[in-house]
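Notes follow once the structure below has been shown.
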Amino acid sequence: MKTTKTLCIKFLSIVTIAFFLNACSSNSDDEDDACVPISCLNDGVATYDCVCDCPNGYAGLDCGIQETPKSMTITKIVVTKFPNENDNEKWDAVLTNTSDADIYITMEDSSGNIIYEHPSYYENASGLGNVTYEFIPSSPIKIIQTNKFFIVKLFDWDTFTNDDFISLAGFTPYFSGQSGFPASKKFTNLFNDFDCEVFLTYNW
């Protein structure tokens, strides 16, 4: 009887030790599998396995690398200021000095090729800066060479004579090192007499 009791105690001891060894082994494995949380930049989202799910335009372990867009589209160009007079006269001063410019825009690439010309104009537009003029392409203007220089030109439409050139301003849609991907960019020319804003979308 004593022998049987002793054997039972030894068996229970062995089972108990095995259970604790297995539990310790499991905890150790769990600790080995645990990952170190990472702080995600630029609105990246940390996942369950401690990596970052990066938004479009960002890459890297912590979304800290800003990627150059493969292309961009211009959805709208807004003119906010331009020369209101031409040699101290209204742009359309034919018989009287009372008619303002009938404005429209074109856009050229760095080689001087016209990539967009707006099909209509704003009649008797004031360039004093108190009115904005929106030019919305029927199809967005696609830009492949996003780091190249582009030029927006402003013209006065004339019925019986050649259209008058009013002013121009240039911009670069995207340049390395810029902060983020703004929805629009404002720019002016060296004479500070022509202000524009372009509205952009980015494609990766």
Side-chain angles (χ1 to χ4, degrees), residues 4-81 107-111 113 115-116 132 134-152 169-190 192 194-204:
T4 303
K5 185 176 181 181
T6 302
L7 290 174
C8 288
I9 292 173
K10 287 182 177 180
F11 176 76
L12 290 173
S13 298
I14 292 171
V15 170
T16 302
I17 292 171
F19 173 79
F20 280 110
L21 286 175
N22 183 63
C24 290
S25 177
S26 297
N27 289 338
S28 177
D29 291 341
D30 290 342
E31 290 176 2
D32 291 339
D33 292 340
C35 60
V36 179
I38 187 171
S39 296
C40 302
L41 305 175
N42 298 308
D43 295 326
V45 178
T47 63
Y48 70 94
D49 51 353
C50 299
V51 297
C52 292
D53 185 12
C54 301
N56 285 337
Y58 297 98
L61 292 176
D62 60 355
C63 305
I65 300 173
Q66 185 169 305
E67 298 181 314
T68 300
K70 292 180 179 179
S71 66
M72 297 170 62
T73 53
I74 296 176
T75 58
K76 181 170 61 175
I77 301 173
V78 179
V79 173
T80 55
K81 185 178 73 173
M107 185 172 170
E108 298 180 2
D109 62 18
S110 56
S111 298
N113 301 309
I115 61 174
Y116 179 73
T132 59
E134 296 185 351
F135 296 91
I136 302 176
S138 56
S139 297
I141 305 168
K142 189 171 184 179
I143 304 295
I144 301 297
Q145 296 176 308
T146 58
N147 60 346
K148 297 295 184 180
F149 193 70
F150 291 85
I151 297 172
V152 175
F171 73 103
T172 303
Y174 179 86
F175 58 89
S176 179
Q178 75 174 40
S179 178
F181 306 97
S184 69
K185 284 189 173 183
K186 296 180 179 180
F187 55 97
T188 188
N189 61 11
L190 294 176
N192 197 32
F194 182 40
D195 294 348
C196 280
E197 183 175 8
V198 292
F199 290 78
L200 308 161
T201 60
Y202 302 82
N203 310 303
W204 288 274

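Note that the coordinates shown come from a computational prediction; the quantities given were computed from them, not determined experimentally.
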Sorted by chain and residue number, the salt bridge (charged side-chain N to carboxylate O under 4.0 Å, His left out) partners of Asp195 (sequence neighbours excluded) come out as Lys81
For a 4.5 angstrom cut-off between non-hydrogen side-chain atoms, does [X] reach [Y]?
X: Tyr202; Y: Pro182; answer: yes
X: Phe150; Y: Ser110; answer: no
X: Trp204; Y: Asn56; answer: yes

Can any side-chain N or O of Glu197 pair as donor or acceptor with the backbone N or O of Phe187 at less than 3.5 Å?
no
Please confirm whether the backbone N or O of Ser111 pairs with a side-chain atom of Asp109, one donor and one acceptor, at under 3.5 Å? yes
*asked:* Can you tell me if Gln145 has over 12 outside heavy atoms packed within less than 6.0 Å of its CD?
replied: no
Can you confirm whether Ile144 is buried at CD1, in the sense that more than 12 heavy atoms of other residues, nucleotides or ligands lie under 6.0 Å from that atom? yes
Any chance you could measure [X], atom [atom1], to [Y], atom [atom2], to the nearest 0.5 Å?
X: Ser138; Y: Tyr116; atom1: OG; atom2: OH; answer: 6.0 Å
X: Cys35; Y: Asp49; atom1: SG; atom2: CG; answer: 6.5 Å
X: Phe171; Y: Leu200; atom1: CZ; atom2: CG; answer: 7.0 Å
X: Leu61; Y: Ile65; atom1: CG; atom2: CD1; answer: 8.0 Å

For residues 35-81, the ring-ring contact (aromatic ring centres under 6.0 Å, His included) pairs (sequence neighbours left out) are Tyr58-Phe181
Derivation of the side chain to side chain contact (heavy atoms under 4.5 Å, CB included) call for Asn147 and Phe175
CA-CA 5 Å; Asn147 60 346; Phe175 58 89; 5.8 Å; no
Side-chain donor-acceptor pairs under 3.5 Å in residues 68-79, sequence neighbours left out?
from: Ser71; atom 1: OG; to: Asn203; atom 2: ND2; distance (Å): 3.1
from: Thr73; atom 1: OG1; to: Thr201; atom 2: OG1; distance (Å): 2.1
from: Thr75; atom 1: OG1; to: Phe199; atom 2: O; distance (Å): 3.4

When every non-hydrogen atom of Leu41 is compared with those of Gly64, the smallest separation belongs to CD1-CA, 4.0 Å
Residue pairs passing the salt bridge (Lys or Arg N to Asp or Glu O under 4.0 Å) test with at least one member in residues 171-183, sequence neighbours excluded, are none
Those residues at least two apart in sequence (or on a different chain) that pass side-chain hydrogen bond (donor to acceptor under 3.5 Å, both in side chains) with Gln178 are Lys185
Contacts of Cys52 meeting side chain to side chain contact (heavy atoms under 4.5 Å, CB included) (sequence neighbours excluded), chain-then-number -> Ile38, Cys40, Cys54, Cys63
